[in-house]
Every structure is written in structure tokens, then in C-alpha cells.
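Notes follow once the structure below has been shown.
Predicted model only: the values in this text are computed from it and were never measured. Worth knowing before you read on, the calculation uses all heavy atoms, side chains too, and leaves out hydrogens, waters and symmetry mates.
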There are 2 protein chains.
Amino acid sequence: MSGAIDYRGLVTEGLAKQISEKIRAAILEGRLQVHERLPTEEELATRFEVSRATIREALKRLAAQNLIRSRRGPAGGNFVNRPSREELRATLASTATLLVSLGEFDLLQIAEAREEIELACCRLAVERRTDAQLEALEREIDAQRDATLADTGFCASDVRFHRVLVECAANPALEFAAAGVIEALQPAVNMIVFRFRDRRQVVGQHERIRRALENRDAEAACAALRAYMQALRTQYREAQTSRGAGAARQSAPRAAAKSRAHRRA
Amino acid sequence: MSGAIDYRGLVTEGLAKQISEKIRAAILEGRLQVHERLPTEEELATRFEVSRATIREALKRLAAQNLIRSRRGPAGGNFVNRPSREELRATLASTATLLVSLGEFDLLQIAEAREEIELACCRLAVERRTDAQLEALEREIDAQRDATLADTGFCASDVRFHRVLVECAANPALEFAAAGVIEALQPAVNMIVFRFRDRRQVVGQHERIRRALENRDAEAACAALRAYMQALRTQYREAQTSRGAGAARQSAPRAAAKSRAHRRA
DNA sequence: AACTAACATTGGTCAGACAAATAGGCAATA
DNA sequence: TATTGCCTATTTGTCTGACCAATGTTAGTT
């Protein structure tokens, strides 16, 4: 009969991977506290009965996830890291950017997701925004009014404006969810914006949003955000259609590289 | 004069890290296509003028991010990975779980974020849901009605129900944003739910949501979701207050471990 | 007391070797 | 013919042992 043997369950993964999983689990389950020091690499090698090179490969995996940091010297070693907000935001944004560059998301879908999340933020923000945040928004608006500002600088300021808007909602979890979606747009926006963006319109909508937050007027804030997103969507569509021919030329080398590549996996 | 020397720009980071960044950049910028094969470790070592061990540590960093996969043998090598949706969801959920376990997020904040995002999904879902998705929701509801289902199974089904709900919105970007926030709750919910969860109430609200999606009634769907979240919040609060004494006892060993740990960094 | 130099500890890198997996070719066998 | 066993080349996985580099400690010197 065919069910007589359990074909699965073989441990085929490398030692380094297994070890990194074990340490990772220890961190996630709290058996290793933040800022606690791991045993030295030598001792880990002894305890796991593998060589130090294998331990180091395992530790590199964790370091890549910012779960540990390492220092040399007598007081050195490998320490459990407390990931900072900024690092996590960067990780998230990088993942999201990768997804966009692989073509997993449509720009219009991202815009829709942004609209929904930022609308929620607007509703919460009118209650919770601080004066300092209002000033931060104002600073970005001022920066965006500067006609000598380069396009990349304008886009960066745009992203910062919306990041502050999300922060006004005073909900780290929502901030976390929004970070990927907002930052993922930046490179795409940068590619499009150089020709199509109407700065005055954008600044005007930013100004409307800021004023609505100041007056704690949720309706006005949402309306302004909707207008902003509507304009953004229109610009995307214009850019997409007008880039049709250029995009085909640009993507040709990639296709060639793809067929040349060894794809034996 | 003081500007004669450029004091910055010293490379203090390890070779492995620098190399992994270079390869990572090549992937993100499209110079390495998905499924394309990297040079062999030996050749990379030659080209970068480092040892193979260093190359391997660099590759491990990328492997930890699921950017590459490796296979042995003549047709083997290191290949650029196309991250699957499922892997990314797992990565996101793991990051979110870490944040929760580090106490970065309050459960009530997560609930608020979930409510906002899932409300948006409900509004979109009533227009876009498919019959297959309705059936998937129905299946989870049936599973949740089974009184013999263990608590962990009930929670898992609950998470799946809401995941399908998010999928109904037919927006991958929104799905991406929601994944972390929803899955981050699972372990916390598991810890709380064993005593406090009223299954019938949960199932009833799930049923209301499903029916509202079936009838494409956005108002009803949102109302049911709000009720679900309200109940969840109440349960959190009950659990938090009633766990006051027990939590103190549970956290004692951790505090001891913390003071015992070498925190020389 | 303050500075200096040697020392010990620990991660970072290197070199070379062998083990293990895997594809392809080749021959023996039913 | 089709299957099986075996050999070989290639590439990643792991091991060993060594030395380099950073850094806190400590003893010695001024």
C-alpha cells in the first residue's frame, strides 16, 4: 500500500538555519531578553556541537533581521537587539519597495489602500493632533512652496507630510500598517512625477488638510485627502498611457537578460 | 584649515555586510532578475577579493530575507528568489509579533487599527466579494460552530475568517497592510481567549458580516464589524484587569533573568 | 592621580579541506 | 526497452585551525 511510509519530516535544512531558528525562537518567546548577551560564538559552537563558522552563519541570519548586534572585545559579544521604530519602518518600506519593483502591486491599488488608511488617520487625527505636529505639517508645506526645490526633494517632503499625518492618529499599529504602503510609493512617484506633477495643486490640498486638522474638522480633512488622492490617480493614469512606448523600449534589455540567464531551478 | 580632510566616509562595517548590500542593491535595481543565478561562491570570492566564508556570510544575510535560495549540485547555485505572498505575510506577521511581544503596541491600539482597516475592507468587499469567498467565510463559521473545536483551533479559524474578509477587498496592498496587524494579534488573543471569549457572540457577528457581504450591504457589514471589535476590546480589558496579579507572578522570572544578564553594551 | 603599555577576550577574516547533494552519462540487467 | 546501479563533475554545506582587529582590563610608569 502507498501510505505505509511517512515520506515527509526529513530534516533537510542546513544546520545554520536550524540553529538560527532556535535562537530566534528563544528571542521571540522571551527566553532571551532584550539587551541580553548571547554566549560567545565559541561556546555556542560547543553547545550545538558544530563549528564556529556554522554558528556565525546562523548569527548572520539574525543580524540581517536586526535581531542581534555584535561587538568585539572583552565586553563584546552578540546581543539581542531591540529593533527601533525607524529600523522597522525601513525594513517594511524596503519589503514594500521590493514588491512594487517586482510588479506585485498596481499603483492604483496602492493609491486606494493609501486613501483608505489615511482617511482613517484623518478621522482620528482631528481629535488627537498636537500643535507640534501641526507645525511639522506647516514646515513641509513651506518647503513644498519653495520653487527652487528639486523634484526629488519635493517628493521626499510629500512623503514626510503624509508620514506626519499618520503620526497624528497617535496609533503605532496603524502607523506600522501605513508605513509600507506610503513609502512603497516613493520610488514609483519619483519616476512619474518629474513631468506630470502639478505642485501648486498638491500644496493646496496639503494646506487644506492641515487647516482641517487645525480646526478639528474631520469632514474637510477627508474631503481634501480624497481630492489629493484623486489627483494622484489621474496623474498615474496619464503617466501610464503616455509612457506606453517608452516603457516598451526600456523593458527590452530586461527581457533579453532574462532569456540569457540560467534558469535551471 | 579645517576642511582639508574628509573625516567621514570611513567604511567601518564588515565586509560581509557591504557585500550583501551590494548584491541586494543589484536585485532591487533589477540588475539581477528573478530566478537568475548568481555566480558561484568561489567566483564571488575571487571577484570581491575576499574569502569564501565572507561571501557565505553575505549570502546568509540575503537568505534570511528570502531574497535568495540555494541548491547544491552541478545545476545548483544561489538564485534570486521571487518572494511568495505567503512568505511575505509570514515575515510581516513575525515582525509584528515581535513588536507586540516587546510591548511596543498596546492591544487596544491594535484593535483600533484593525477596526479601521477592516472597515475599509468591508466597504470595498461588498462590491467585490466573490461567491467562492463567501463560501470560504461560511466554512470558517461552520468550523467555529463546532463545540468540540479546541480554543487554539477556534482562534486560528477566527484569524482565517478575517484574512478572507480582507481578501474580499481585492486589494493586495491593503491586504499587505492588514496582514501584520491582524496576525500580530493571534498570539495575544490565544493567551487571553481561553477564559474570556464568548464563542457564540463571535460566531454571531461573523455570521452577520457574511450575510451583509452576501447582500452587498456595506452599512450592515460595518455595523457587525464594529460590534465584533467592541466585544473584543471589552474582553481585552476584562482580561487585563483580571490578570493583574497573575501577570506579576509570571513576569518575576523574567525580571530575575534580566538582572542576571550581562548588559555591558 | 593620571597617563601608558601590555594583555586577555571576543568577533572578523582567511585558507584549505572534506562531506553531501545533485545532474548527467554509462553500463549492467531484467 | 526500461529500470537500476554506479561513476564523475560541480556546487553548496560544514569543519578545522589559524591569524587579524577591536576593545575593556590591568599593571606599571611618570
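The closest donor-acceptor contact from the side chain of B/Glu36 to the backbone of B/Gln33 lies under 3.5 Å. A/Arg69 places a side-chain N or O within 3.5 Å of a backbone atom of A/Val80 that can act as its donor or acceptor partner. A/Arg37 contributes a side-chain N or O that, together with a main-chain N or O of A/Gly76, makes up a donor-acceptor pair within less than 3.5 Å.
Rounded to whole Å, the distance from CG on B/Leu44 to P on D/dT11 is 12 Å. The distance from atom CD1 of B/Ile19 to atom P of C/dG12 is 14 Å, rounded to the nearest whole Å.
For the 3.5 Å distance criterion, the side chains of B/Asn171 and A/Glu112 qualify, holding a donor opposite an acceptor. A/Arg24 and B/Ser94 share a donor-acceptor pair across their side chains, judged by distance under 3.5 Å alone.
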*Sugar-phosphate or base contact per nucleotide [nucleotides 12-20 of chain D; S, B, -; heavy atom under 4.0 Å]*: BBBBB-B--
